[in-house]
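Chain letters run A, B, ... following the sequence lines, proteins first and then strands; every chain starts at 1.
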There are 2 protein chains.
Amino acid sequence: MSRKLSLTGFPEWLPQERIVENHVLDTLREVFELHGFSNIETRAVETVGTLLNKGEIDKEVYGVARLADDAPASTNDPNSLALHFDLTVPFARYVTDNAGYLTFPFRRYQIQKVWRGERPQDGRFREFTQADVDVVGDGELPLTYDLELALVMADALERLELGDFEVRVNNRKLSEGFYRGIGVEDPAAVLREIDKLEKIGAQEVHEALVGLGLNDDQATKALKLAEIKAADASFADQVEALGVEHELLSEGLAELKSLIEVAAKIKPGRIVADLSIARGLDYYTGTVYETTLIGHESLGSICSGGRYESLATKGKKNYPGVGLSIGVSRLVSRLLSTEQLVASRAVPTAVLMALPGEDDFAEALEVAELLRTRGVATEIMGKPEKFGKQIRHADRRGIPYVWFMSHDDAGNRVHEVKDIRSGEQVSADPNTWMPAETDLRPAVGPNADAS
Amino acid sequence: MSRKLSLTGFPEWLPQERIVENHVLDTLREVFELHGFSNIETRAVETVGTLLNKGEIDKEVYGVARLADDAPASTNDPNSLALHFDLTVPFARYVTDNAGYLTFPFRRYQIQKVWRGERPQDGRFREFTQADVDVVGDGELPLTYDLELALVMADALERLELGDFEVRVNNRKLSEGFYRGIGVEDPAAVLREIDKLEKIGAQEVHEALVGLGLNDDQATKALKLAEIKAADASFADQVEALGVEHELLSEGLAELKSLIEVAAKIKPGRIVADLSIARGLDYYTGTVYETTLIGHESLGSICSGGRYESLATKGKKNYPGVGLSIGVSRLVSRLLSTEQLVASRAVPTAVLMALPGEDDFAEALEVAELLRTRGVATEIMGKPEKFGKQIRHADRRGIPYVWFMSHDDAGNRVHEVKDIRSGEQVSADPNTWMPAETDLRPAVGPNADAS
């Protein structure tokens, strides 16, 4: 995006870019609904109390208060309001607010803006769209959903035709059990270091692990575990070959194995066990996911998530959940800048009705209405101009067809339509004419001109 | 909505209600695109300076500031941030930000949340969705767009099938010119009083006008003008019969007449001249619109707007605009509470795959994938249960079909599907079976059970 934004970190798309974003959002919506997920939206604001509830607020949160009020939003006032920084905390609150009106397991997707007060110099977005898909159970939630979620994402990414990708899956119990099995006392700290593996490399992580108090052998074993990656259940043999034993390790290993076994059958090569996946700061308790778009590794994980043993609680009720979240704005921003997805035109319009004279406006409207009845997006010149100027207007807007009304020598109405790309002009019946199927709507795909 | 909201004024829909809202939003989107309007979104925040730019901030604006910052957003700091309270101010800013990248007349629609810090006791929403549709010109904008916008809304409301409605149109020049023609010095003050006509009645408005310094004859004439209403150009004769003359009046009269003449041909009875329409506090300079849903007069105008001689300016550039805005949340809230629109089920799912045993999960996934390929939304039981329990699960979720896999005596796989409403169970081929067309997606329409 070479345009300068008037507020750093708050992306806004041009109309032709928005068509690409809408294509991505529509595809996600279609896939999520095909998999039986219901759509909800939650309000943009939560109370500071709700946001704090999930542990420390380590995101940079935007408070919200009426300009006319004296008191700003504050972490000291749990009733003050703030913009949500993800869709998980609001979803958990929605579930407890509405538990009596929902049926469980509750399958929902949610596509909304979230806000984080990031430092603008980091080049990060401060407002961006997330697409979340989760299943939440009442009391229990079978492990099959962990597999299903990975398959939903694989399905979505396949339909988006973004090229090769890998949904990489690990299990927190497996990692934590392994670390405990080799005598590590603070597995969470180890996870946070392992999470940096792709960024800083094995040697630096090894040093950091030793810095945490692990001996050389423990650090080496922790790194060996993180190196294990396989597209089938063979990963489990590799783990077992490391000779570590712990009850939690066995449990996590069995969970991940059962997931990968079926995944390898249904989507071979798409969903892989990758024991380096740690999801450092997030509070997952079992399965964890990250997704890499091959050729766009620098984007990091485009879609991440995992299982919460306790997504929400209310009194004695516990609601476990498993879900995934796509950072839509980051992904769309990349697809636009690389021209991996471009719109064939900037407007929905397929036909511009040329206007011969002021008095023809009503008739032009009637013809436009007929075309729209058949799904042909049509707009009308605002005022009569020379036909050359009307064609240039269509050309500048990227509208493929111009419709002309005139009279023949006998004074009868004549309708013609010109494809302004080929210059071909043919007579047309307002009651039946259709454009080429591919011209009906803007197409979204790779830029054929781009390398 | 009998549920209690956890934050007053911030509506959140249940999944089946959200299906109705999405139906409304999808319909609007389809109509706007058929009329050649491009979609954009603007960021949720504007600078306080931008918001103040449009005159005094008479809406209750929510400021936004990082909780970690000391300084709250403030009207004293034009660089501080605030949530937008409508989509017009952000659109004007977007146009000047991106003028070099847009082609004019620029036709855009925008469907987003807006926020207003209303008093909760007023029962008003503090967060709600607006759908705006505008055309903006570079320097000039022909009057034909004023008619087109009214037709776009009429088309949208017809497709929503909400029953009878009236798009009521007036022209500010007409009213202002008339008031000046009878010797009124502050026409804006008179407009504000006329705006209250439907709420408080003619007698009270008459008194208020006298309170403004109008004599009895002036007040009577102003009210006579406001009483004029017609579905065709005959309204102009009624105005002329009042015997008032002013240049601005003639100009406004000609504009409104040319609009209504064509509208009466294209959408007879839908678009009417109504000279009581004033749009009290808004800065329109020509055509003004309000829309009444017959039978829901208490909702007030569900869709309002008008023409700005100067929607935006940048240096010597002036951008006139004309547009309309629908208060989607208020409308949807009413449609839900009256059950004028309900969803036939709460989930997108058409088929629940019953799960005979743990080991059948992979095969159930494969069948589900086949169904989804044909657009059949399908979900799978998370764990094997007695078939009766699986059917009850589908029933509770409103899923019309349950798919059963079993084996015949020879050990061959048998597929059957049960319509749980009729109880009918038939054998089905995963490669070809389709549900009834009306069961593919949740239908949205009037509640047949409601009176």
TODO: Check step by step if side-chain contact (heavy atoms from CB on, under 4.5 Å) holds for B:Glu369 and A:Lys267.
DONE: CA-CA 11 Å; B:Glu369 275 303 290; A:Lys267 299 263 180 195; 4.0 Å; yes
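- The contact between A:Leu81 and chain B is made entirely by side chain atoms (from C-beta outward), counting heavy-atom distances below 4.5 Å.
- Using a 4.5 Å cut-off between heavy atoms, B:Glu140 touches chain A through its side chain atoms alone.
- With a 4.5 Å cut-off on non-hydrogen atoms, A:Phe37 touches chain B through its backbone but not through its side chain.
- Within the 4.5 angstrom heavy-atom criterion, atoms from both the backbone and the side chain of A:Val347 approach chain B.
- With a threshold of 4.5 angstrom between heavy atoms, A:Ala350 does not approach chain B through any atom at all.
- Contact of B:Val376 with chain A is made through the backbone alone, with heavy-atom distances under 4.5 Å.
- Salt bridge status for A:Arg93 with B:Glu12: present, with a side-chain N to carboxylate O gap under 4.0 Å.
- Only the backbone of A:Phe104 comes within contact range of chain B, with at least one heavy atom under 4.5 Å from a heavy atom of that chain.
- B:Phe361 places a side-chain heavy atom less than 4.5 Å from the side chain of A:Leu147.
- Both the backbone and the side chain of B:Thr42 come within contact range of chain A, each with at least one heavy atom under 4.5 Å from a heavy atom of that chain.
- Counting heavy-atom pairs closer than 4.5 Å to chain A, the top-ranked of the candidates B:Glu46, B:Met381, B:Glu41 is B:Glu41.
- The OG1 atom of A:Thr103 sits 4.5 Å away from the CZ atom of B:Arg397 when rounded to the nearest 0.5 Å.
- Proximity to chain B (any heavy atom under 4.5 Å) is shown, for A:Glu363, by neither the backbone nor the side chain.
- Screening A:Arg107, A:His35, A:Glu33, A:Glu30 for a side-chain contact (heavy atoms from CB on, under 4.5 Å) with B:Pro348, the sole residue that qualifies is A:Glu33.
- For A:Leu371, no part sits under 4.5 Å from any heavy atom of chain B, backbone or side chain.
- Ion pairing of A:Glu366 with B:Lys265 is absent here, as no side-chain N (NZ or NE/NH1/NH2) approaches a carboxylate O to less than 4.0 Å.
- In terms of heavy-atom pairs under 4.5 Å with chain B, the best-connected choice from A:Val135, A:Asn98, A:Thr144, A:Leu102 is A:Thr144.
- With a 4.5 angstrom heavy-atom cutoff, B:Val64 touches chain A via backbone and side-chain atoms both.
- Proximity to chain B (any heavy atom under 4.5 Å) is shown, for A:Ile399, by neither the backbone nor the side chain.
- In terms of heavy-atom pairs under 4.5 angstrom with chain B, the leader among A:Glu358, A:Arg441, A:Arg396 is A:Arg396.
- In this structure, chain B has no heavy atom under 4.5 Å from any part of A:Leu352.
- In this structure, chain B has no heavy atom under 4.5 Å from any part of A:Val31.
- For a residue to count as touching a neighbouring chain, one of its non-hydrogen atoms must lie under 4.5 Å from one of that chain's; by this rule A:Arg374 does not touch chain B.
- Between A:Pro15 and B:Asn39, every side-chain heavy-atom pair lies at or beyond the 4.5 Å cut-off.
- Looking at B:Ile266, only its side chain comes within 4.5 Å of chain A, counting heavy atoms on both sides.
- Heavy atoms closer than 4.5 Å to chain A are found in the side chain of B:Asp97, but not in its backbone.
- If you tally non-hydrogen atom pairs under 4.5 Å between each of A:Ala362, A:Ala65, A:Ala263 and chain B, the highest count goes to A:Ala65.
- Considering only heavy-atom pairs separated by less than 4.5 Å from chain A, the leading option among B:Trp115, B:Phe106, B:Tyr145 is B:Tyr145.
- Among B:Leu143, B:Leu7, B:Val262, B:Thr349, the residue with the largest count of heavy-atom pairs under 4.5 Å with chain A is B:Leu7.
- Of all heavy-atom pairs spanning B:Tyr94 and A:Leu14, the tightest one is OH-CA, 3.3 Å.
- Summarising the local packing, CZ of A:Arg18 is surrounded by more than 12 heavy atoms from other residues, nucleotides or ligands at distances under 6.0 Å.
- A donor-acceptor pair under 3.5 Å links the side-chain atoms of B:Ser38 to the main chain of A:Ala346, judged by distance alone.
- Using a 4.5 Å cut-off between heavy atoms, B:Arg108 makes no contact with chain A at all.
- Proximity to chain B (any heavy atom under 4.5 Å) is shown, for A:Arg345, by neither the backbone nor the side chain.
- One side chain, B:Arg43 or A:Ser6, offers a donor N or O that lies under 3.5 Å from an acceptor on the other.
- Chain B forms the most heavy-atom pairs under 4.5 Å with one residue out of A:Gly382, A:Pro105, A:Ser258, and that residue is A:Gly382.
- A:Arg66 places a side-chain N or O within donor-acceptor distance of the main-chain N or O of B:Gly117, the cut-off being under 3.5 Å.
- Within the 4.5 angstrom heavy-atom criterion, only side-chain atoms of B:Asp26, from C-beta onward, approach chain A.
- With a threshold of 4.5 angstrom between heavy atoms, A:Gln112 approaches chain B through side-chain atoms but not through N, CA, C or O.
- Residues B:Phe10 and A:Val45 have side chains in contact (heavy-atom distance under 4.5 Å, counting atoms from C-beta outward).
- Heavy-atom pairs under 4.5 Å with chain A peak, among B:Lys383, B:His393, B:Arg372, at B:Arg372.
- Within the 4.5 angstrom heavy-atom criterion, only side-chain atoms of A:Leu151, from C-beta onward, approach chain B.
- Within the model, atoms CD1 of A:Ile40 and CG of B:Asn22 stand 11.5 Å from one another, a figure rounded to the nearest 0.5 Å.
- Residue B:Glu261: no heavy atom, backbone or side chain, is found under 4.5 Å from chain A.
- Note that CD of B:Glu60 is 9.0 Å distant from CG of A:Leu67, once rounded to the nearest 0.5 Å.
- For a residue to count as touching a neighbouring chain, one of its non-hydrogen atoms must lie under 4.5 Å from one of that chain's; by this rule B:Ala44 touches chain A with backbone and side chain alike.
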